[in-house]
Number of protein chains: 2
Amino acid sequence: MAQLQLDTGGLEETAFASEPGLLLARANADSIAATNEALAEFGLRVRSFAVLAAAAAASRPTQRELAAFLRLDPSQVVALVDGLERRGLVRREADPGDRRVNAIVITEAGQSLHARASRAVAGSRDRQLAALTPAEVTTLTGLLAKIVRSRSVE
Amino acid sequence: MAQLQLDTGGLEETAFASEPGLLLARANADSIAATNEALAEFGLRVRSFAVLAAAAAASRPTQRELAAFLRLDPSQVVALVDGLERRGLVRREADPGDRRVNAIVITEAGQSLHARASRAVAGSRDRQLAALTPAEVTTLTGLLAKIVRSRSVE
DNA sequence: TATTGTTATACTCTATAACTATA
DNA sequence: TATAGTTATAGAGTATAACAATA
């Protein structure tokens, strides 16, 4: 694992360093880098894993729902589902009631890979959050969920 | 302002929706989109604004410090500083003690633009955090700062 | 030898518009 | 007319390696 010496000079002590938007960007950059590293051995990246995990967690989400939930453009979901489908990890199932709609269904192979990959992701996440107590993690996720969901109803 | 109808189906109620990494990604995506929109009239984007704001907040940060602080590659800082310098918003000043090092110094024009742009950014940030009480905002920024800074010492 | 900044390059991610098939 | 998904394309963001100047 790369040992990074991050000398940020006096920047950490400025008021700008406490800006929520900046902190979100920095925390997210760290999360993506660490998670991509953890996912490499499974041939996944953050975004493809997110689609797989959403298909594993929810009942037959549509591509439109995945796009809205993951903050992706619908055209990006096409490419991500293509990749997963080629590997036999998910499949598209046309909705009988509305044949424009594709439900994304995880396969057995997808569930198996997801189970292993999500353990690696959890380990990476735990390392990133190691400075927080379990109660603080709960608080953090609760506050993030509150602002993310307020956006969903805008 | 675009009125987005975000139908996320049942995904919001899954355990995956409470994953910190996912919440960070979603909150950050919302923050970047809203902030870029707020910055458009100033000819800035999130990353160029961040460099400008860091130069405004800190005393003569080096490009290396900016890269570490903003989680950017040093080569990206080159391009961002180039853009700001062309517009006369910052200037590079070689360190007399170590002539490899460039300190980034904000100009008067840079300070003036930063003052106006940061008001727009603050408005956008307040809208994103409107669902939280002031105390919750303080808690959120404190927790994010804790995990971001724990990474800095890794 | 090591480090700062730079250049070049390729890859990933994001945004937009236009198209199809269904509704 | 409107919507889900698709295609194509361009632009923005990120990662890597190699180089010059300096330490």
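Reckoned from all heavy atoms, side chains included, excluding hydrogens, waters and symmetry mates. Bear in mind that the values here come from a model prediction, so they are computed numbers and not experimental data. Here is the naming used below: chain letters follow the sequence lines, and residue numbers restart at 1 for every chain.
The closest side-chain heavy-atom distance from B/Leu144 to A/Leu24 is below 4.5 Å.
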(request) Could you please spell out the steps behind the salt bridge (Lys or Arg N to Asp or Glu O under 4.0 Å) verdict for B/Arg91 and B/Glu85? (result) CA-CA 5 Å; B/Arg91 62 172 182 276; B/Glu85 195 171 39; over 6 Å; no

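Within the 4.0 Å cut-off from OP1 or OP2 of C/dA15, not a single side-chain nitrogen or oxygen of B/Asn36 is found.
Residues satisfying the side-chain contact (heavy atoms from CB on, under 4.5 Å) test with A/Thr14, not counting sequence neighbours, are A/Phe16, A/Ala17, B/Ala57, B/Ala58. In terms of the salt bridge (charged side-chain N to carboxylate O under 4.0 Å, His left out) criterion, residue partners of A/Arg100 (sequence neighbours excluded) are, by chain and number, A/Asp98.
Pairs engaging residues 130-147 of chain B under the salt bridge (Lys or Arg N to Asp or Glu O under 4.0 Å) rule: A/Glu136-B/Lys146, A/Lys146-B/Glu136 [sequence neighbours left out]. Applying the side-chain hydrogen bond (donor to acceptor under 3.5 Å, both in side chains) test to every pair with at least one member in residues 103-116 of chain A, sequence neighbours left out, gives no pairs at all.
Atoms CG (B/Asp30) and P (C/dT14) sit 12 Å apart, rounded to a whole Å. The CZ atom of B/Arg64 sits 15 Å away from the P atom of C/dA2 (whole-angstrom rounding). Atom CD of A/Gln63 is separated from atom P of C/dT22 by 15 Å (rounded to the nearest Å). Across the protein-nucleic acid pair, A/Asp7 atom CG and C/dA2 atom P stand 19 Å apart, rounded to whole Å.
The outermost nucleotides of DNA chain D lying under 4.0 Å from heavy atoms of chain B, listed 5' to 3', are D/dA12 to D/dA23.
Looking at residues 72-95 of chain A, you'll see A/Leu72, A/Asp73, A/Ser75, A/Gln76 sit with a heavy atom under 4.0 Å from some atom of DNA chain C.
Within 4.0 Å (heavy atoms only), A/Arg99 reaches sugar-phosphate atoms of the nucleic acid but no base atom.
Ion pair A/Glu13/B/Arg149 not flagged as a salt bridge, since none of the NZ, NE, NH1 or NH2 atoms sits closer than 4.0 Å to an Asp/Glu carboxylate oxygen. Checked for salt-bridge contact, A/Arg71 and B/Asp30 meet the test: a charged N lies under 4.0 Å from a carboxylate O.
Each of A/Arg45 and B/Asp98 was matched to the nucleotide of DNA chain D holding its nearest heavy atom; the match closer to the 5' end belongs to A/Arg45.
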